[in-house]
Amino acid sequence: MKPKLIGILLLAVVVLAAGGYSFYRENGRVTVLRGYLGGEKTGLFEDEEAARILERKYHIQFDYSRAGSLDMVTADQEGMNYLFPSSQTALSYYEDVHGQPLQEEIIFNTPIVLYTHRMVLEAFEANGIVSQTDGVYYVDMQKLTERILAGTTWEELGLPELYGQVSVDTTDPTASNSGNMFAALLACVLNGGQTVDETSVESILPELKQIFDGLGYMETSSSDLFQQFLRTGVGDKPVIAGYESQLLEFAVQYPEDYEQIRDDIVMLYPTPTVWSTHVYIALDEAGREGARALLDEEVQQIAWEKHGFRTSAYQAAGETAVEGIAPQVNSVISVPEYPAMKKIIDALQ
């Protein structure tokens with residue numbers, strides 16, 4: 001057979017294959033699910049290995065627009081198949097605004113933690129705010145909150161090179177889940193370590209508002225805040241609140257960059273802390289399949305090993321790329337129910 005004819009035949013095969021794949025996609029065998037996603041989960045949704053599993057086993061692809069967990073509830077949902085916020089509060093908010101969803105499913109969890117720098121850690125230890133157990137650092141939230149409310153300066157903690165008063169930077173608690181969960185945690189600490197309800201929350205709102213009023217501008221995305229923390233250094237953001245998964249994911253995705261910061265960036269587990277529950281909300285029948293796919297054993301394994309979310313595939317903390325991960329998170333307080341959380345959100349608007 002002449003080379004020219006062979007080339008034509010090969011080209012025809014390629015065109016037919018591409019056309020067949022296009023036909024395969026256009027006839028619904030690969031369904032593109034569109035929805036809103038919390039910024040801390042974009043790494044998982046852009047993971048090529050996870051995407052191949054989802055397409056091969058479930059014939060779906062996820063498309064997303066990034067939005068804060070609370071903002072996505074009131075955003076335009078025309079043409080959307082799902083919402084994927086980071087808390088039960090967002091689900092309750094959805095139910096308050098839209099009614100019962102078609103389906104809701106907890107996909108994974110991650111505890112709220114604090115991130116800081118080595119020099120701040122050492123000052124916290126010297127002042128009895130942070131302690132260490134088996135290589136894991138724990139921050140006493142009662143002591144830290146007292147210092148914040150008292151207007152303690154960094155200089156008074158032994159850090160004259162840092163400007164201003166002790167604070168914890170966070171995302172906007174009225175828009176983003178990590179800030180919202182940290183506000184919930186502070187509310188419970190201010191309530192003597194007891195979860196606030198619709199009545200008891202009233203008494204702590206002035207102090208809670210005082211804490212957040214002192215923060216100035218707040219990001220609306222947890223991933224944006226974390227990136228700013230890494231980029232701007234200790235002088236700009238000495239301490240932030242975020243998700244345990246963020247540093248774990250960063251260490252796996254950017255190992256060379258992590259090596260440069262690993263001796264300085266420290267994760268602190270609040271005692272107590274709260275769990276951030278990542279709940280998938282199906283908006284229509286097409287969206288239902290997304291929940292089943294995300295609970296796939298292989299996808300769950302990737303979510304833990306590469307992106308730091310505690311899932312059904314969660315393994316011993318020693319197997320992570322980051323030191324100082326708590327094997328178990330035992331000092332946990334329940335997130336307030338929605339009526340109390342709504343009062344917190346309204347007070348912080």
A.B. asks: Check whether M267 and V274 end up in the same hydrophobic cluster, where Ile, Leu, Val, Met, Phe, Trp and Tyr are linked by side-chain heavy atoms less than 4.5 Å apart.
C.D. replies: no
A.B. asks: Any salt bridge linking D264 with R118? Criterion: basic side-chain nitrogen under 4.0 Å from a carboxylate oxygen.
C.D. replies: no
A.B. asks: Treating T153 as the side-chain partner and E156 as the backbone partner, does any N or O pair qualify as donor plus acceptor under 3.5 Å?
C.D. replies: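 Yes.
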A.B. asks: Under 4.0 Å between a side-chain nitrogen and a carboxylate oxygen: does that hold for D296 and K57?
C.D. replies: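 Salt bridge: yes.
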A.B. asks: Report the C-alpha distance between Q349 and I345 in whole Å, list the side-chain angles of each, state the deciding distance to 0.1 Å, and finish with yes or no for side-chain contact (heavy atoms from CB on, under 4.5 Å).
C.D. replies: CA-CA 6 Å; Q349 291 280 0; I345 295 167; 3.6 Å; yes
A.B. asks: Establish, yes or no, whether a centroid distance under 6.0 Å links the rings of Y82 and Y36.
C.D. replies: no
A.B. asks: Return the CG to OG1 distance between D96 and T89, rounded to the nearest 0.5 Å.
C.D. replies: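 It is 12.0 Å, given to the nearest 0.5 Å.
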A.B. asks: Please check: side-chain N/O of N127 versus main-chain N/O of A123, any donor-acceptor pairing under 3.5 Å?
C.D. replies: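 At least one qualifying donor-acceptor pair exists.
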A.B. asks: Under the ring pair (Phe, Tyr, Trp, His ring centres under 6.0 Å) definition, can you give me all pairs with a residue in residues 251-274, not counting sequence neighbours?
C.D. replies: F250-Y254
A.B. asks: Tell me whether V130 is reachable from V136 by hopping between hydrophobic residues (I, L, V, M, F, W, Y) whose side-chain heavy atoms are closer than 4.5 Å.
C.D. replies: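 As far as the 4.5 Å side-chain criterion goes, V130 and V136 are not connected within one cluster.
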A.B. asks: Show me, pair by pair, the donor-acceptor contacts under 3.5 angstrom made by side chains of residues 38-51, not counting sequence neighbours?
C.D. replies:
| from | atom 1 | to | atom 2 | distance (Å) |
| --- | --- | --- | --- | --- |
| E40 | OE2 | S86 | OG | 2.4 |
| K41 | NZ | F84 | O | 3.2 |
| K41 | NZ | P85 | O | 3.3 |
| K41 | NZ | S86 | OG | 2.9 |
| K41 | NZ | H278 | ND1 | 3.0 |
| T42 | OG1 | G39 | O | 3.0 |
| E46 | OE2 | Y64 | OH | 2.3 |
| D47 | OD1 | E49 | N | 2.9 |
| D47 | OD1 | A50 | N | 3.0 |
| D47 | OD1 | K306 | NZ | 3.3 |
| D47 | OD2 | K306 | NZ | 2.9 |
| D47 | OD2 | H307 | NE2 | 2.9 |
| E49 | OE1 | K306 | NZ | 3.3 |

A.B. asks: Any donor and acceptor pair, going by atom type alone, linking the side chain of D172 with main-chain N or O of T174 inside 3.5 Å?
C.D. replies: yes
A.B. asks: Determine yes or no for a side-chain-to-main-chain donor-acceptor pair under 3.5 angstrom, with N180 supplying the side chain and P173 the backbone.
C.D. replies: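 Flag set: sc N180 to bb P173 pair under 3.5 Å.
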A.B. asks: Mark yes or no for whether Y138, through its side chain, and S331, through its backbone, hold a donor-acceptor pair below 3.5 Å.
C.D. replies: no
A.B. asks: For the pair E244 and R310, evaluate salt bridge (Lys or Arg N to Asp or Glu O under 4.0 Å) and give the outcome as yes or no after the intermediate values.
C.D. replies: CA-CA 9 Å; E244 177 193 56; R310 298 197 182 214; 2.5 Å; yes
A.B. asks: Which value, rounded to the nearest 0.5 Å, describes the distance between L157 atom CG and E122 atom CD?
C.D. replies: 13.5 Å
A.B. asks: About how many Å separate OH of Y338 and CG of L91, when rounded to the nearest 0.5 Å?
C.D. replies: 11.0 Å
A.B. asks: Show, in sequence, the C-alpha distance, side-chain angles and deciding distance for E285 and Q103, and conclude whether the side-chain contact (heavy atoms from CB on, under 4.5 Å) test is met.
C.D. replies: CA-CA 9 Å; E285 287 296 337; Q103 180 184 348; over 6 Å; no
A.B. asks: Would you check if the side chain of Y115 reaches a backbone N or O of Y243 as a donor-acceptor pair within less than 3.5 Å?
C.D. replies: yes
A.B. asks: For the residue pair S223 / R66, report whether a side-chain donor-acceptor contact shorter than 3.5 Å exists.
C.D. replies: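 Checked: R66/S223 side chains pair up, N/O donor to acceptor below 3.5 Å.
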A.B. asks: When rounded to the nearest 0.5 angstrom, what distance separates CG in L205 from CD in Q210?
C.D. replies: 13.0 Å
A.B. asks: Is there a side-chain contact between I265 and F229 (heavy atoms, below 4.5 Å)?
C.D. replies: yes
A.B. asks: Considering only heavy atoms from C-beta outward, does the side chain of L33 approach that of T31 to under 4.5 Å?
C.D. replies: yes
A.B. asks: Counting only heavy atoms from other residues, nucleotides and ligands, does the tally under 6.0 Å from CG of D346 exceed 12?
C.D. replies: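 Result for CG/D346: enclosed.
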A.B. asks: Nearest heavy-atom pair of I344 and A183: which atoms, and what distance?
C.D. replies: CG2-CB, 4.2 Å
A.B. asks: Is there a donor-acceptor contact under 3.5 Å linking the side chains of E305 and Q301?
C.D. replies: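 Yes.
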A.B. asks: Please find the pair of heavy atoms, one from P270 and one from I112, that lie closest to each other, and give the distance.
C.D. replies: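 Distance-wise, the nearest heavy atoms are CD-O, 3.3 Å.
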A.B. asks: Any side-chain heavy-atom pair from L37 and F62 closer than 4.5 angstrom?
C.D. replies: no
A.B. asks: Hey, any chance W275 and L247 share a hydrophobic cluster, counting ILVMFWY side chains that come within less than 4.5 Å of each other, even indirectly?
C.D. replies: yes
A.B. asks: Give a yes or no answer on whether the side chain of K343 reaches the backbone of E198 with a donor-acceptor pair at less than 3.5 Å.
C.D. replies: yes
A.B. asks: Please report the shortest heavy-atom distance between T220 and A175, naming the atom on each side.
C.D. replies: CG2-CB, 4.3 Å
A.B. asks: Do L215 and L208 sit in the same hydrophobic cluster, where Ile, Leu, Val, Met, Phe, Trp and Tyr count as joined when their side-chain heavy atoms come under 4.5 Å apart?
C.D. replies: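 Cluster IDs for L215 and L208 match.
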A.B. asks: Looking at L83 and M72, what are the two nearest heavy atoms and their distance?
C.D. replies: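 L83 and M72 have their closest heavy atoms at CB-SD, 3.9 Å.
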A.B. asks: Report, as yes or no, whether the 6.0 Å neighbourhood of atom CD on E146 holds more than 12 heavy atoms from other residues, nucleotides or ligands.
C.D. replies: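 Counting other residues, nucleotides and ligands, CD of E146 exceeds 12 neighbours.
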A.B. asks: More than 12 heavy atoms of other residues, nucleotides or ligands under 6.0 Å from CD of E337: yes or no?
C.D. replies: no
A.B. asks: Would you indicate whether the side-chain heavy atoms of T273 and M181 approach each other to under 4.5 Å?
C.D. replies: no
A.B. asks: For T171 and S178: C-alpha separation, side-chain torsions, deciding distance, then whether side-chain hydrogen bond (donor to acceptor under 3.5 Å, both in side chains) applies.
C.D. replies: CA-CA 6 Å; T171 56; S178 61; 2.9 Å; yes
A.B. asks: Checking S87 side chain against A90 main chain: does a donor-acceptor pair fall under 3.5 Å?
C.D. replies: yes
A.B. asks: Can any side-chain N or O of T311 pair as donor or acceptor with the backbone N or O of Q300 at less than 3.5 Å?
C.D. replies: yes
A.B. asks: Would you say the side-chain atoms of W154 pair up with the backbone N or O of L162, donor to acceptor, closer than 3.5 Å?
C.D. replies: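 A pair under 3.5 Å: no.
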A.B. asks: Considering only heavy atoms from C-beta outward, does the side chain of V299 approach that of I302 to under 4.5 Å?
C.D. replies: no
A.B. asks: R262: which residues meet the side chain to side chain donor-acceptor pair (under 3.5 Å) condition with it, sequence neighbours left out?
C.D. replies: E259
A.B. asks: In Å and rounded to the nearest 0.5 Å, what is the CG to CD distance from D284 to Q77?
C.D. replies: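 Rounded to the nearest 0.5 Å, the CG-CD separation comes to 10.5 Å.
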A.B. asks: Please say yes or no: joined through hydrophobic side-chain contacts below 4.5 Å, possibly via intermediate residues, are I60 and M80 part of one cluster?
C.D. replies: no
A.B. asks: Under the criterion side-chain contact (heavy atoms from CB on, under 4.5 Å), I'd like the reasoning laid out for R292 against Y58: C-alpha separation, chi angles, the key distance, then a yes or no.
C.D. replies: CA-CA 9 Å; R292 187 169 78 93; Y58 300 92; 3.7 Å; yes
A.B. asks: Verify side-chain contact (heavy atoms from CB on, under 4.5 Å) between K237 and L225, making sure each step is shown before the conclusion.
C.D. replies: CA-CA 9 Å; K237 290 177 172 35; L225 176 62; 3.6 Å; yes
A.B. asks: Do you know the tightest heavy-atom contact between P101 and Y94?
C.D. replies: CB-CE2, 3.6 Å
A.B. asks: Do we see a donor-acceptor contact under 3.5 Å between the side chains of D140 and S131?
C.D. replies: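 Looking only at side-chain atoms, S131 and D140 do not form any donor-acceptor pair under 3.5 Å.
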A.B. asks: Could you give the distance from CD (Q165) to OG1 (T152), rounded to the nearest 0.5 Å?
C.D. replies: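 Between Q165 CD and T152 OG1, I get 8.0 Å after rounding to 0.5 Å.
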A.B. asks: For residues P336 and V201, determine if any side-chain heavy atom of one lies less than 4.5 Å from a side-chain heavy atom of the other.
C.D. replies: no
A.B. asks: Sort out for me which residue in L121, L268, V239 forms a side chain to side chain contact (heavy atoms under 4.5 Å, CB included) with V139.
C.D. replies: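 The passing option is L268.
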A.B. asks: Which heavy-atom pair separates V73 from H98 by the least distance, and what is that distance?
C.D. replies: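 Taking V73 first and H98 second, the nearest heavy atoms are O-NE2, 2.7 Å.
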